[in-house]
Enquirer: 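If you scroll down you'll find the structure; I have some questions about it.
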Amino acid sequence: MSKNLVIVESPAKAKTIEGYLGKDFTVKSSYGHIRDLAKGNGSIDIDKGFEPNYIISEDKKQLVKDLQKAAKKAEVVWLATDEDREGEAISWHLYETLNLTEENTRRIVFSEITKSAILKSIEHPRKVDIDLVNAQQARRILDRLVGFDLSPVLWKKIKPGLSAGRVQSVAVRIIVDREREIMAFNSEAAFRVVGEFKASGLPVKAVLNKRFKSEEEARLFLEESAQATHAVTSVETKPASRKPAAPFTTSTLQQEASRKLGFSVLKTMRVAQTLYEAGHITYMRTDSTNLSDLALEHAENVIGELYGTQYQERRQYTGKKAKGAQEAHEAIRPSVMANKDVPGERDAVRLYDLIWKRTVASQMANAKLQNTTAIINVSARPEVFTAKGQVIEFDGFLKLYLEGNDDEGEEQDKDRLPAMAVDQLMDRDRIVATERFSKHPPRYTEASLVKNLEELGIGRPSTYAPTISTVQNRGYVEKKDHDGTPRDYRVLELEKTTVSDRTDTENTGVERSKLFPTDIGMVVNDFLVKHFEQIMDFNFTADVEAKFDIIAQGQLDWRQMLKDFYQGFKLNVTDTQENAERASGERVLGDHPEKGKTILVRIGRYGPIAQIGGADDEEKEFASLLPDQKLETITLEEAIDLFKLPRKLGEFEDKVVVAAIGRFGPYVRYDGKFVSLKKDSDDDPYTITLERAIELVKAKIEADAKALIKVFEEDDTVRILEGRYGPYIKAGKKNVTIPKTEDAQAIDWARAQELIEEHAKKPPRARGRKKS
DNA sequence: CAGTGAGCGAGCTTCCGCTTGACTT
């Protein structure tokens, strides 16, 4: 055993560092935090100055034993956890649990994994910084207090099992606020006018500086333009330059992978993890854009070789640090800059390519451009056309990489403009006025939500992806596509001297993989905003972070900080527990035309429902809202329709046939069998006839019979069926796959029982919807 | 896997931030 034990957080890092340090050093990993607050309510003793009760996490017990053993044998233990608040706390927990002493312990830090940085850190050890540790304790305890005090309020006032927290609740608020903005948005139409001209035979497109509110105005403009002349009144050329984007942080990597590769944030992190473990990239959870000197040098060499020295421009992106950034690591970059690509799966290859290009481009020269603006007048009118052109004089970094953007606006490509001189007359080809509608602000993607959270300083690189999953798993937010609706728009066109018009159709409001708040998400959000303004404020995290920083500087006692916060917060919680009304998102829509009772919608035990009959009515009827219906927008008519189902169609061989809409869409039910109505068919549960339903049922029975391989005499609820993934045993509601090596036909009762038992022993698979 | 929705009360849920496995479909 070697004399020195070095402990880092990540095992991949441990492997790399071991290679740099030689045989006198053993490097081990803590796999992140090793201790945390105990589970239940006894984890913080508030009366004793918020005394925390830490326990070793269940899955870390063996690891801690191993580390204790190694520490005992070593002469010196080097705590080399990350150089940030959490890293300092991990070192402290290690110090405490491994029974280390000041004499045999050194705390070292390095923010890049290069040999020189690590050797340098060994020469400059320090002690564990207890002030920084205290800042982390305050952070940890505050989060527990907020989460575990708020959540039970929701269980009581809204629904059991709900959750709230400093980070997740604000994330939901961002989504809900945007949805309300969209609901309140009124689209306005205006005619956008584009002129197509020719200058010395070359085409020029120009946009009018005015949009017309009405078709009449647009038509008048075109009619008056018919006889008008068009002359250039000014041409201006200005030099411009563009600079490359900074190297990737976790947040910007997630955004670019979403825009350019269509990855979810979870997928980006999973793929990045494999690249990291394979040694292809540096650490993927970082808030820093820094590159090591070594990386800068190598990038410069690569650029010189590939493109020439005029493309090199060494730079460090220190300017705009994200709020609350702690910069414990480098930016995400290729480990070896010279590797233009790496072997591996398609997604890994594509993500690496993105990282390589972004990193290299960040060290390339600015692009130099010439922007030209030409103004073209209309002799008969005061409005003018503007033509914009762009010439790239020197492409610089654009040769390699251009950052994507989230705007869905109609940016037109800017090309080179033909030579034009002032007073030159233009030939007019045509002028087109197109009706355009203003667009509501876009819904968030996972990645654009992360961007927003990062700007607010909420959450950390390691939690962006899990937070996005949490708010979806809790049912507050769902990721969906929005199909869009067709909309007519008018087009007026002046060609030669005649103005023609037509109506075209466009699909409006198409959105893919966007985040929508659910009804329960909105009700919970509104409740929290109403009663816990402080926590729900977008600046809450920034405010407490400022206090954590003061604690870290040794200027504020962490227990005092918690006391100051908790006094008011606790009062707020008890007051809400006792006095706030239950929140159900109830909305009265009106009266039922025949029954005279009120119809309302609200959150029920299993989700949003419509209800006939108010609180005073003895008899009530209930119906679930359909998946695309929302409490806030459903109309009285739509609610009344919900009660038309389930529809009894009639009887077939003495058994009823019913049509309805269930969790998986519209269906017909007969004799315990469910037949789904295909989405793109003409079958509709409101109108389907008994005859058609029977036809579908018969087809289903036939298909089932075909899939049936065997029924056991011993118990006819146990059958062997042919399914999508091959043959399987169906025992009641349980499905058991048959191993591919076995002949389904030959399985007897005894073997079937064996397979079922084996299946029962296996741990239940994690289902996405259920809590883990 | 498709039918529920009162109120009672058992016993449960819940936070954020560090890390990687070992599980199937």
Side-chain angles (χ1 to χ4, degrees), chain A residues 8-14 29-37 39-41 43-44 57 59-60 63 81-82 84-91 93 136 139-156 159-169 270 273 276-277 283 285 326 328 458-464 466-467 470 474 535 541 584 602-611 613 615 618-624 645-646 658-669 672-676 724-725 733 735 737 759 762-768 771:
Chain A
V8 296
E9 292 182 36
S10 147
K13 201 167 164 180
S29 158
S30 75
Y31 291 80
H33 274 293
I34 54 160
R35 290 203 305 188
D36 191 17
L37 291 173
K39 258 193 167 178
N41 284 335
S43 54
I44 303 165
S57 323
D59 54 337
K60 295 289 168 62
L63 173 79
T81 52
D82 293 349
D84 58 17
R85 199 165 62 206
E86 297 298 325
E88 203 68 20
I90 293 173
S91 274
H93 283 296
Q136 192 275 347
R139 198 281 305 157
R140 178 67 191 94
I141 292 168
L142 180 133
D143 280 337
R144 168 60 68 82
L145 292 172
V146 169
F148 277 37
D149 272 353
L150 282 188
S151 299
V153 178
L154 300 181
W155 305 343
K156 184 173 174 197
K159 217 173 86 156
L162 297 173
S163 68
R166 174 177 59 82
V167 173
Q168 60 167 283
S169 295
R270 269 207 297 248
Q273 179 86 29
Y276 169 66
E277 284 172 8
Y283 196 57
R285 289 187 275 265
Q326 306 196 13
I458 298 174
R460 303 279 311 130
S462 68
T463 60
Y464 295 137
T467 299
T470 300
R474 294 269 172 274
I535 308 293
T541 291
S584 70
R602 63 178 175 88
I603 300 267
R605 196 133 89 88
Y606 304 100
I609 53 168
Q611 176 181 328
E618 284 259 314
E619 290 202 353
K620 299 182 184 73
E621 285 177 71
F622 303 97
S624 292
L645 297 177
V658 174
I661 298 177
R663 209 146 78 77
F664 307 102
Y667 65 88
V668 175
R669 194 179 71 220
K673 267 194 179 2
F674 292 90
V675 187
S676 291
R724 215 148 50 99
Y725 308 108
K733 285 191 171 179
N735 293 341
T737 22
H759 175 84
K762 284 182 191 163
R765 62 212 147 89
R767 272 192 242 156
K771 49 215 147 195

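By convention in this document, chain letters (A, B, ...) are assigned in the order of the sequence lines, proteins followed by strands, and residues within each chain are numbered from 1. Every heavy atom of this structure was used, including side-chain atoms; hydrogens, water molecules and symmetry mates were not. Since this is a predicted model, take the numbers as computed values, not measurements.
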Enquirer: Treat a base pair as Watson-Crick or G-U wobble with both distances under 3.5 Å, then lay out DNA chain B in dot-bracket form, 5' to 3', with | for cross-strand pairs.
Expert: .........................
Enquirer: Calculate the interatomic distance between A/Leu162 atom CG and B/dC12 atom P; express it in whole Å.
Expert: 19 Å
Enquirer: Is any side-chain heavy atom of A/Arg140 closer than 4.5 Å to a side-chain heavy atom of A/Arg85?
Expert: no
Enquirer: Supply the atom-to-atom distance A/Thr81 OG1 to A/His33 NE2, rounded to the nearest 0.5 angstrom.
Expert: 9.5 Å
Enquirer: Check whether any side-chain N or O of A/Glu277 sits under 3.5 Å from a backbone N or O of A/Ala12 as a donor-acceptor pair, and report yes or no.
Expert: no
Enquirer: Whole angstroms only, please: what is the NZ-P distance between A/Lys156 and B/dG9?
Expert: 13 Å
Enquirer: In this structure, how many angstroms lie between the C1' atom of B/dT14 and the CD1 atom of A/Ile44, rounded?
Expert: 13 Å
Enquirer: Closest approach of A/Ser10 and A/Ser29, non-hydrogen atoms and distance?
Expert: C-OG, 3.5 Å
Enquirer: With the sugar-phosphate defined as primed atoms, P, OP1 and OP2, and the base as all remaining atoms, what B/S/- string results for nucleotides 15-21 of chain B, 5' to 3', for protein heavy atoms under 4.0 Å?
Expert: BBBBBS-
Enquirer: Examine the side chains of A/Ser163 and A/Gln168 and answer whether a donor and an acceptor come within less than 3.5 Å of each other.
Expert: yes
Enquirer: Minimum heavy-atom separation for A/Ser30 to A/Leu63, with atom names?
Expert: O-CD2, 3.3 Å
Enquirer: Nearest-Å distance, CD1 (A/Ile603) to P (B/dT4)?
Expert: 18 Å
Enquirer: Looking at A/Leu37 and A/Ser43, what are the two nearest heavy atoms and their distance?
Expert: CD2-O, 3.9 Å
Enquirer: At their closest point, which heavy atom of A/Ala164 faces which heavy atom of A/Ser151, and how far apart are they?
Expert: N-OG, 3.2 Å
